[in-house]
2 protein chains.
Amino acid sequence: MAEKVTIATVARHARVSRQTVSNVLNTPQIVREETRQRVQEAIVALGYRVSQAARQMRTGRSRLIAMRIEPTRDGINGSVLDRFLHGLTESAEVAGYRVMLYTAGDTEREITAYDDLLSAYDLDGFVLTGTDHGDPRTAWLAEREVAFVAFGRPWDDLTAHPWVDVDGAAGTARATRHLLERGHRRIGFLGWPAPSGVGDDRRAGWRAALHAAGIDPAGLERAVEDGIAEGEWSMRDLLNADEPPTAVVCASDSLALGALQAVRASDPAVAVVGFDDTPVAAATGLTSVSQPLGEAAARCVDLLTAVLDGDQQSPEPVLLQPSLVLRHTA
Amino acid sequence: MAEKVTIATVARHARVSRQTVSNVLNTPQIVREETRQRVQEAIVALGYRVSQAARQMRTGRSRLIAMRIEPTRDGINGSVLDRFLHGLTESAEVAGYRVMLYTAGDTEREITAYDDLLSAYDLDGFVLTGTDHGDPRTAWLAEREVAFVAFGRPWDDLTAHPWVDVDGAAGTARATRHLLERGHRRIGFLGWPAPSGVGDDRRAGWRAALHAAGIDPAGLERAVEDGIAEGEWSMRDLLNADEPPTAVVCASDSLALGALQAVRASDPAVAVVGFDDTPVAAATGLTSVSQPLGEAAARCVDLLTAVLDGDQQSPEPVLLQPSLVLRHTA
DNA sequence: TCCAGAAACTTGAACGATCCAATCCTGCCT
DNA sequence: AGGCAGGATTGGATCGTTCAAGTTTCTGGA
């Protein structure tokens, strides 16, 4: 039975002290090159690996970051978080961190979960998603000086905490301009009721693009909760107007899918663009605005490690540009 | 600043020794009831939480289980793992475990990942998904006596290791019987090329149901790789046969979605049933066979904890029954 | 050659829990 | 009253690492 390889085993093998091995691992610059190499060879030869538990006990840091996994409500938009999570795990591994999952029924229980994760597992940081106006979670974490990054802007105060987000307005603007170039003039918008950080942002992009083209958006928009059925009937409503749109930009693929069903029967083909580029969009040939989720996840890890390494308290937020994936519907 | 609460703090507060507090936590039955209560009160009063790091260092166990998160290839079927993962996290929390994620490009690197996770983080166990014929991962883990459960049967030898699975054959059989009850006689099947554990199983259910009804399945099936396009053209192929089917059961929602597109133009409506009940199925009104993923995840945790608690080396495998979710297409 | 000062390396202690072996009760039997 | 079994409780050692402080080695200038 192979004996456990500890830092002491390596030290003996390389004929140095424990501390020198530790220095090779943590502060290699203070170790003489020759010694460093000797220790490195011993590490490889013995297959040594640092015990995170022991390190954690001494330093109080676990090299673990946590993210909440939500029950896939909609299922359609759920895949966005799924892809983000994969990117996060991958980027975290490169930076020497691991991702731990947790669930929480509501915000209150989420805060209880923080408390538990922090005291029992010495978690290093959190990645939050779907932060909203005056989120109690960010306040709780900030108060206790826990490192965290949000995927999604703090809409009240953009300097409240580090964040990474995708420029939704730029995405809808791009979609709208694409439709304008295709000759559409009456371009509708299906979005969510205000106030909604994400929703208002996406609406603003559409509106700005129309304004820039000298078109009045009045009467061309509808605001409903997210969902396929909601998308379908609000699109029908839009089509029944005096001057119905010939194209529509939607705040989500769910709405777009509903719109598509409403439009199917209509005579002159009405163009539809969705948002998020979910698998459903790919499956049904829906043109959609795509978020660079892998990139977003990588930036989250960057910001989080910057805070954890103490480089800076609040690193510059990151705003990424989405792209338009053209398919059959527009 | 609140001082850190350790087992010693609790001991002092409850006027007992450290060991007694430890006993209250780990083997409460050997502590006198009165003492136990006094210690419990102190724990609550001080907000004490056991330091996993310290416990882990002494015991070598981390109360952490790991699961691989794969890049959502298809996106459609990816959501299955996503839902499973949520269930797993939830059930693990109840059992006092946490879920850690890892990625791995290929099988070889996955084994390297095991090594790393085990030696650095003292991982307690793994949940594997998509195990296949003669999987090297299970062999590696078994050899080192690492606890693991597979979500998916070991198709060669059903007693090779603990597993949880969903009875795919029962699902396709149920779907087929449903179509028979609706009066269909010529019921086709779109599946994957053999050998494929999951695929062959699902095909077998369809075939058995037809046999039971005295129908010859010859010429009614097609085998292709998974995908929407593949589903579409193989369904067209099936429709061009001498006696085309009036209904089709598919091995996945991707294939079913393709089949649906091929069928859309056909005059007498051809019924389509998918498999996995993905969000895409829900969105497009596709009737599909649904796997009880939350239940499966919970059983995985049950088996894994049984192994970890040393109750039994190889607990009974679990085979769950899927259900048929009826929508517009069948 | 000698010495100051920096660089490189070593030693002892500590993190917070559990394991082990030893001690203290308590009630019961003689 | 004394002895004893057995459960309840205690103190010391330990896991593998890093921190703090100490010791040795090296470098270069007088």
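In what follows, chains carry the letters A, B, and so on, assigned in the order in which the sequence lines appear, proteins first and then strands, with residues in each chain numbered from 1.
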Side chains of [X] and [Y] only: does a donor on one sit below 3.5 Å from an acceptor on the other?
X: B:Glu33; Y: B:Gln37; result: yes
X: A:Glu93; Y: A:Tyr97; result: no
X: B:Ser22; Y: B:Asn26; result: yes

How close or far is atom [atom2] of [N] from atom [atom1] of [X], stated in whole angstroms?
X: B:Glu34; N: D:dA8; atom1: CD; atom2: C1'; answer: 12 Å
X: B:Glu33; N: D:dG7; atom1: CD; atom2: P; answer: 18 Å
X: A:Ile30; N: D:dC26; atom1: CD1; atom2: P; answer: 17 Å
X: B:Arg36; N: D:dG7; atom1: CZ; atom2: C1'; answer: 17 Å
X: A:Arg18; N: D:dC19; atom1: CZ; atom2: P; answer: 13 Å
X: A:Ile7; N: D:dC15; atom1: CD1; atom2: C1'; answer: 14 Å
X: A:Arg32; N: D:dT24; atom1: CZ; atom2: P; answer: 17 Å

Identify which nucleotide among [options] has an atom closest to any side-chain atom of [X], counting heavy atoms from C-beta outward.
X: B:Ser17; options: D:dT17, D:dG16, D:dT10; value: D:dT10
X: B:Arg58; options: D:dT18, D:dT17, D:dA13; value: D:dA13
X: B:Met57; options: D:dC15, D:dT18, D:dA8; value: D:dC15

message: Please identify the 5'-most and 3'-most nucleotides of DNA chain C with any atom under 4.0 angstrom from a heavy atom of chain A.
response: C:dA8 to C:dG16
query: Does any non-hydrogen side-chain atom of A:Tyr121 lie less than 4.5 Å from one of B:Ser51?
result: no
Min side-chain heavy-atom separation B:Pro317-B:Val164 under 4.5 Å: no
statement: The residue, B:Gln29 or A:Thr6, whose nearest nucleotide of DNA chain D is more 5′ is B:Gln29
- request: Specify the residue among B:Arg15 and A:Arg49 whose closest nucleotide of DNA chain D lies further upstream toward the 5′ end.
  value: B:Arg15
message: Can you see if the side chain of B:Thr20 gets near the phosphate of D:dT10 - specifically, an N or O under 4.0 Å from OP1 or OP2?
response: yes
- prompt: Going by modelled atom types, is there a donor-acceptor pair between the base of D:dC19 and the side chain of A:Gln19 at under 3.5 Å?
  reply: yes
- prompt: Relative to the ring of B:His161, is the ring of B:Phe148 parallel (under 30°), tilted (30 to 60°) or perpendicular (over 60°)?
  reply: tilted
- request: Specify whether B:Tyr114 and B:Trp140 have parallel, tilted or perpendicular ring planes, treating 30° as the upper limit for parallel and 60° as the lower limit for perpendicular.
  value: tilted
message: Taking the basic N atoms (NZ, or NE/NH1/NH2) and the acidic carboxylate oxygens, is any pair closer than 4.0 Å for B:Asp122 and B:Arg61?
response: no
query: Looking at A:Thr6, A:Thr35, A:Thr9, A:Val39, which hits side chain to side chain contact (heavy atoms under 4.5 Å, CB included) with A:Val21?
result: A:Val39
field: Rounded (10°) bend between the five-pair end axes of the helix from C:dT1-D:dA30 to C:dT30-D:dA1
entry: 60°
